Amino acid sequence: MRIIYSQVHLNHRPNYEVFNGIREIHADTPQRIENIKEALVGKSGLKVIEPKRFPLSWIEKVHSHDYISYIARAGRHAGGNYVYPSVFPYESLDILPTNEIAKRGVYSYDLYTPVSASTYESARMAVMTSLTASSFVRRGERVVYALTRPPGHHAERKRMGGYCYFNNAAIAANYLSTRGRVAILDIDFHHGNGTQQIFYDRSDVLFVSIHASPKLKFPYFSGSEGEKGRGQGKNYNLNFPLSLSVSDSDYQRILIQACKKISDFKPNYLVVSVGFDTHKDDPVGGFRLSTRYYFHMAKTIHQLNIPTVLVQEGGYNNSIIGDIAVSFINGFIC
Ligand code: Q9C
Ligand code: ZN
């Protein structure tokens, strides 16, 4: 299995997240992805490769131009080790004046998602990572793992939130949708509100999400069972909101239901938004899944027998995230 990874994400180091005036150390640390990569590198059957470059138009099909431009330009006010690459057009735009930066409320729905000097560059590379994985799957590989950071599934068309800027999984799914029907399975602890929003009106991309009920957990405003899609997209959006303290067997029951819906849709491709914040020892989540269970979770998904792009989302316990990833990936290679 190919694993797509770039070290550019190391430059994205959000300091704090803020809730109601209280600041906490930001949970999306560079160590998350470093630990996953370190745990997998050198294992037989796995090969770590760099992302390739794709046109920015793939991002613009999912996010609005002014939103992308805001992220590219706002971060330059912040400190940090920003590198100015020469080939992408957004860098040639002027730095935003202060009154434009102050329009953050237009482009963000929370205070968990700071834009700093290297955010745009890192978020863009995360998109290139999911697109590279998708291009290998499009050319016939069975499953490819995109080690994306920052994560993406909370990013809406025009708004960042929940540590997410560009929706890596949605951009991958939209890219694959030019070649066939695509199902997205979102197994992060949190509802993939951004992905849901982006595909809410479409019947060629099915979105299925298993997550903590929005009555209890972030993003709070999205992810209930009644959200089924709109217009052409009616019944192509499926949410499984769960209570907390979900066990391995509880989760497995729901996953089987979700997978049944996916196989009924007969997709040509599957994109999985993979979150490890469903683990019992995750500091942000609240489910009770064991490290061993991720192997069975992966096997269940693998048995769908659909060409699959795995896109990394959350997972915040750095001391076990590598073990979880190994358990999960083993379910695809055994
Ligand atoms: N300090 C993803 O998993 N709320 N985002 C955290 C605890 C924000 C999670 C509150 C959770 C966002 C991709
Ligand atoms: Zn999450």
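What you see is a predicted model, and the numbers here were worked out from it, not measured in a lab.
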Should S134 and Y269 be marked as a side chain to side chain contact (heavy atoms under 4.5 Å, CB included) after you check the CA-CA gap, both sets of side-chain angles, and the distance that decides it? CA-CA 9 Å; S134 305; Y269 301 104; over 6 Å; no

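A pairwise comparison of heavy atoms in A170 and T195 identifies CB-CG2, 4.4 Å as the closest pair. Considering every non-hydrogen atom in both I187 and V274, the closest pair reads CG1-CA, 4.0 Å.
A 6.0 Å sphere centred on CD of E60 holds more than 12 heavy atoms belonging to other residues, nucleotides or ligands. For Y220, the OH atom is densely surrounded, since the number of other residues' heavy atoms within 6.0 Å is greater than 12.
With sequence neighbours excluded, the residues satisfying side chain to side chain donor-acceptor pair (under 3.5 Å) with S177 are R202. For Q31, the side chain to side chain donor-acceptor pair (under 3.5 Å) test picks out N35, with sequence neighbours left out. When the salt bridge (Lys or Arg N to Asp or Glu O under 4.0 Å) test is applied to R142, no partner is found at least two apart in sequence or on another chain. Among residues two or more places apart in sequence or in another chain, the side-chain contact (heavy atoms from CB on, under 4.5 Å) test is passed with K103 by E100, V106. The ring pair (Phe, Tyr, Trp, His ring centres under 6.0 Å) search around Y5 returns H9, not counting sequence neighbours. Under the rule for a side chain to side chain donor-acceptor pair (under 3.5 Å), the partners of S209 that lie at least two apart in sequence or sit in another chain are H211. Partners of L238 by side-chain contact (heavy atoms from CB on, under 4.5 Å), not counting sequence neighbours, listed by chain and number: V208, F240, K261.
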Tell me which donor-acceptor pairs under 3.5 Å the side chains of residues 284-292 have, and how far apart each pair is, sequence neighbours excluded?
unit_1, atom_1, unit_2, atom_2, d
S290, OG, D248, OD2, 2.7
S290, OG, Y293, N, 3.2
T291, OG1, H279, NE2, 2.9

Table please: side-chain donor-acceptor pairs of residues 36-51 below 3.5 Å, with sequence neighbours left out.
none

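Here Y107 and H63 keep their ring centres 6.0 angstrom or further from each other. For F207 and F199, the distance between ring centers is not under 6.0 angstrom. Ring pair Y112/F218: centre-to-centre distance below 6.0 Å. For an aromatic pair to be called close, the ring centres must be under 6.0 Å apart, and Y294 with F276 satisfies this. F332 and H302 have their aromatic ring centers within a separation under 6.0 angstrom.
With hydrogens and angles left out, the side-chain atoms of E17 and Y163 include a donor and acceptor closer than 3.5 Å. Looking at H191 and S222, their side chains do bring a donor and an acceptor atom within 3.5 Å of each other. Side-chain polar atoms of S247 and D250 form a donor-acceptor pair below 3.5 angstrom. A donor and an acceptor atom, one from each side chain of S224 and N239, are nowhere located under 3.5 Å apart.
For the atom pair S57 OG and K61 NZ, the distance stands at 4.0 Å (nearest 0.5 Å). Distance check, rounded to the nearest 0.5 Å: CD of Q312 to NE2 of H153 gives 10.0 Å.
Geometric assessment of R181 against the ring of F265 yields a positive cation-pi assignment under the 6.0 Å and 45° thresholds. Figure legend: R23 and Y16 shown as a cation-pi pair, the cationic atom lying under 6.0 angstrom from the six-membered ring centre and within 45 degrees of its axis.
Among residues at least two apart or in separate chains, salt bridge (Lys or Arg N to Asp or Glu O under 4.0 Å) pairs with a member in residues 225-236 are D201-R230.
As a member of the Ile/Leu/Val/Met/Phe/Trp/Tyr network built from side-chain separations under 4.5 Å, L111 groups with V18. Clustering of Ile, Leu, Val, Met, Phe, Trp and Tyr by side-chain heavy atoms under 4.5 Å joins L10 with none of the others.
Each of L176, N168, I184, V182 was evaluated against V309; a single residue qualifies, L176, per the side chain to side chain contact (heavy atoms under 4.5 Å, CB included) test.
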